[in-house]
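Take a look at the structure below.
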Amino acid sequence: RGVTLEGAGDGIKVLFTPDFEKLIDPIVWMEAAGQIFYSVGVGFGAIILFGSYNPVKNNCSRDAAIIALVNCGTSVFAGIVVYSVLGFRQAKLGIPVQDLKGGPGLAFI
């Protein structure tokens with residue numbers, strides 16, 4: 001539903017428009033690594049449980065690639081959902097998506 005809102009495309013465009021100046025900032029890379037560890041860490045117990053029931057000759061490389069791709073896909077999907085709503089907020093309230101401060105206030109848009 002979020003992608004059908006007025007202005008959602010503007011928010012999604014902000015999500016997928018890179019700011020190459022930020023790539024040289026090491027803080028951005030540390031936060032990205034922390035996000036990946038957190039997102040995989042949430043399901044780590046399930047990964048261990050899944051591994052304990054695998055056959056001895058299971059293709060673990062394939063399973064690791066599937067887990068990584070599903071994790072990345074889920075993150076992209078969540079980003080599209082959030083930024084489409086932020087684009088809608090920009091269209092209705094005039095608050096630019098680039099002025100995003102983050103934090104728990106995003107939950108109450």
Side-chain angles (χ1 to χ4, degrees):
R1 166 134 167 79
V3 296
T4 63
L5 296 172
E6 175 189 348
D10 294 332
I12 294 172
K13 186 163 51 166
V14 169
L15 174 65
F16 289 111
T17 303
D19 183 3
F20 293 108
E21 294 294 320
K22 293 194 178 195
L23 289 179
I24 59 175
D25 184 8
I27 301 297
V28 171
W29 289 97
M30 288 186 343
E31 289 178 359
Q35 172 64 33
I36 289 296
F37 287 132
Y38 176 74
S39 64
V40 172
V42 168
F44 196 65
I47 293 170
I48 293 172
L49 181 69
F50 176 67
S52 68
Y53 286 101
N54 279 334
V56 176
K57 296 195 182 250
N58 188 44
N59 187 354
C60 293
S61 298
R62 183 199 65 212
D63 292 344
I66 290 171
I67 289 170
L69 289 173
V70 168
N71 181 38
C72 290
T74 303
S75 296
V76 169
F77 175 72
I80 290 171
V81 168
V82 169
Y83 274 83
S84 64
V85 173
L86 292 176
F88 175 70
R89 180 186 76 162
Q90 175 179 311
K92 289 297 181 185
L93 302 177
I95 302 170
V97 177
Q98 291 85 356
D99 291 348
L100 176 68
K101 298 295 182 215
L106 286 176
F108 301 105
I109 292 180

For this session: Hey, could you give me the CG/OG distance between L15 and S84, rounded to the nearest 0.5 Å?
Result: 9.5 Å
For this session: Go through the structure and list residues passing side chain to side chain contact (heavy atoms under 4.5 Å, CB included) with V97, not counting sequence neighbours.
Result: V14, Y83, L86, Q90
For this session: Supply the members, apart from L93, of the Ile/Leu/Val/Met/Phe/Trp/Tyr cluster built from side-chain contacts under 4.5 Å; use none for a lone residue.
Result: I95
Exercise. Just wondering, more than 12 heavy atoms not from Q98 lying within 6.0 Å of its CD?
Worked result: yes
Seminar exercise, completed: For N59, the side-chain hydrogen bond (donor to acceptor under 3.5 Å, both in side chains) test, sequence neighbours excluded, returns none
For this session: Starting from F37, walk the hydrophobic network (Ile, Leu, Val, Met, Phe, Trp, Tyr; side-chain heavy atoms closer than 4.5 Å) and list everyone else you reach, by chain and number.
Result: none
Exercise. Which residue pairs pass the side chain to side chain donor-acceptor pair (under 3.5 Å) test with at least one member in residues 25-50, sequence neighbours excluded?
Worked result: S39-N71
For this session: Kindly give the heavy-atom pair with the smallest separation between G2 and A8, and that separation in Å.
Result: O-CB, 3.4 Å
Problem set entry | Set of side chain to side chain contact (heavy atoms under 4.5 Å, CB included) partners for F16, sequence neighbours left out | I12, V76, I80
Exercise. Salt bridge (charged side-chain N to carboxylate O under 4.0 Å, His left out): which pairs involve residues 55-73, sequence neighbours left out?
Worked result: none
Problem set entry | All pairs passing side chain to side chain donor-acceptor pair (under 3.5 Å) where residues 3-17 contributes a residue, at least two apart | E6-K92
For this session: Could you work out the complete set of other residues in the hydrophobic cluster of L5, with links drawn between I, L, V, M, F, W and Y side chains under 4.5 Å apart?
Result: F88
For this session: Can you sort out the partners of K22 under side chain to side chain contact (heavy atoms under 4.5 Å, CB included), two or more places apart, ordered by chain and number?
Result: D19, V28
Problem set entry | Qualifying residues under side chain to side chain contact (heavy atoms under 4.5 Å, CB included), relative to I48, sequence neighbours excluded | F44
